[in-house]
Amino acid sequence: MSYLREALQARVGEFVALRRDIHQHPELAFEEHRTAALVAGKLEGWGYAVTRGIGGTGVVGTLVRGSGTRRLGLRADMDALPIAEASGQPWASTRPGLMHACGHDGHTAMLLAAARELAEQADFDGTLHLIFQPAEEGGGGALRMMEDGLFERFPCDAVFAMHNMPGVPQGHLVLREGAAMASSDYATITLTGVGGHGAMPQHTADPVVAAASLVMALQTVVSRNVDPLQAAVVTVGAVHAGQANNVIPASATLELSVRALDREVRTLLERRIHALAEAQAASYGVRAEVNWRRGYAVLCNTPAETAFAREVALELNGAARVTLQGPPLTGSEDFAFMLERVPGSYLFVGNGDAPGNCMVHNPGYDFNDDNIAVGSAYWVLLARRFLTAEGSEAAT
Ligand SMILES: [Zn+2]
Ligand SMILES: [Zn+2]
């Protein structure tokens, strides 16, 4: 498949420039107006039927070729982060305090490069939906698009998505069947007692001591309740209480991040955290209130679609540059919601493993433009293999 990569490499300059333009103009979740307009304009120019404003700033570009009945969805994300850039690149963010620190500028550019190739070559048979979503970074843009009828308006037999991965050799593809990224839930636990003089604790119900004990007790959820062969994370990332050394405050607040790679473990974590908060609070004579907010779901790559994606990756890259079953990650991704509705698979492309190669969400991070050719070639090949006349028959 080197000819495909070479074809895309030959005119990659246009998409490197596009990527850097998006990078210079980062936009936060649901504010991707400039980026969405740029995407929509390009797609229309190449002959796609474009639908704007799905789930806020989401864009879908649709292209139909031949008489095939198969329908494929490919997803990229468009949003940036509230981080002040320190990459030192000439194309660094022009907007203070905002940057593309997760490479979504690159994901958008890779899918656009594929979009142009697929439109111009027209060598597929079926329906192609290119999904450009807003607000992957915590805003649940995928879910918003789905609530806005994404899969009713643009039905897909399978959906695929790609994310860059720093620390992995540039262009190396990493796939995984099954749970690949964790669910992400949030809890605020408020402990309410009776405040008073720090010299006379006997007249108070001290929520600080209860909070300290609860932080320690919460560690036992993972160590004692979760199956040791399963993964889970309970992090107390913030503790807020009191203002003076001689005043016992009336309340204390804990902020939790809770992750799991299995739906049942996720439910167990929620149940045990509620139980511990209430029982610990009662034992100290204070009251606990747990505000639980469900975030992203566990991202589960379905077997048949992952097997298909592996074949595409191997054909494109060769076995030496493909990891067929990478490790699961405790990070989260809202493509998980799409995979709850439609089968599909999510993979990583290595962003490079040079010393100092920044992890995503680091102020020094930058997307590796060498991935635009390989990433777009992967999308083109995957679309061609999925939307074939042969595939159409298999689907009917
Ligand atoms: Zn991110
Ligand atoms: Zn990301």
Side-chain angles (χ1 to χ4, degrees), residues 19 22-23 25-32 35-36 39 55-59 74-87 93 95 97-112 131-145 159-168 170 173-176 180-186 233 235 237 257 259 295-299 301 326-339 344-352 357-369 371-372 375 378-379:
R19 200 286 292 182
I22 296 171
H23 191 89
H25 303 93
E27 297 172 300
L28 289 178
F30 298 118
E31 295 173 4
E32 308 93 335
T35 311
V39 166
T57 42
V59 176
L74 304 179
R75 187 221 69 169
D77 38 17
M78 302 189 290
D79 56 320
L81 285 155
I83 296 173
E85 181 158 359
S87 71
S93 169
R95 301 189 66 197
L98 303 184
M99 76 173 285
H100 270 289
C102 205
H104 299 182
D105 49 346
H107 305 162
T108 297
M110 289 191 294
L111 192 54
L112 283 175
I131 302 163
F132 293 85
Q133 78 153 78
E136 192 289 317
E137 298 286 1
L143 201 53
R144 283 277 293 275
M145 288 186 85
V159 287
F160 296 85
M162 179 173 357
H163 204 291
N164 75 97
M165 173 65 74
V168 173
Q170 182 271 316
L173 298 173
V174 182
L175 299 98
R176 178 178 172 82
M181 297 194 74
S183 59
S184 173
D185 295 324
Y186 316 88
V233 180
T235 290
S257 174
R259 316 249 175 173
Y296 292 176
V298 180
L299 185 148
N301 290 322
L329 301 175
T330 50
S332 304
E333 157 69 67
D334 77 345
F335 186 62
F337 294 122
M338 293 195 186
L339 290 179
S345 198
Y346 176 88
L347 86 164
F348 291 100
V349 57
N351 202 52
N357 188 279
C358 283
M359 188 43 70
V360 290
H361 296 208
N362 182 301
Y365 170 86
D366 192 29
F367 180 80
N368 190 329
D369 284 323
N371 273 337
I372 293 178
Y378 174 81
W379 285 139

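When reading the values below, keep in mind they use all heavy atoms of this one structure, side chains included, and skip hydrogens, waters and symmetry mates. Indexing begins at 1, ligand by ligand and atom by atom, following the structure's order. Here the structure is a predicted model, which means the values were calculated and not measured.
For the pair Tyr296 (side chain) and Gly331 (backbone), a donor-acceptor distance under 3.5 Å is absent. Proximity of a side-chain donor or acceptor of Glu32 to a complementary backbone N or O of Met78 within less than 3.5 Å is not detected.
Only protein N, O or S atoms were considered, and those under 2.8 Å from the Zn ion (ligand 2) are Cys102 SG, His104 NE2, His163 NE2.
Residues Thr330 and Ala182 share a closest heavy-atom pair of O-CB, 3.6 Å.
Applying side chain to side chain donor-acceptor pair (under 3.5 Å) to Gln133 and the options Asp334, Asp79, Thr108, Asp77 leaves one that passes, Asp334.
Take Pro328 and apply the side-chain contact (heavy atoms from CB on, under 4.5 Å) test, not counting sequence neighbours, and it matches Arg176, Leu261.
Here the side chains of Glu137 and Cys102 are in contact, with some heavy-atom distance below 4.5 Å.
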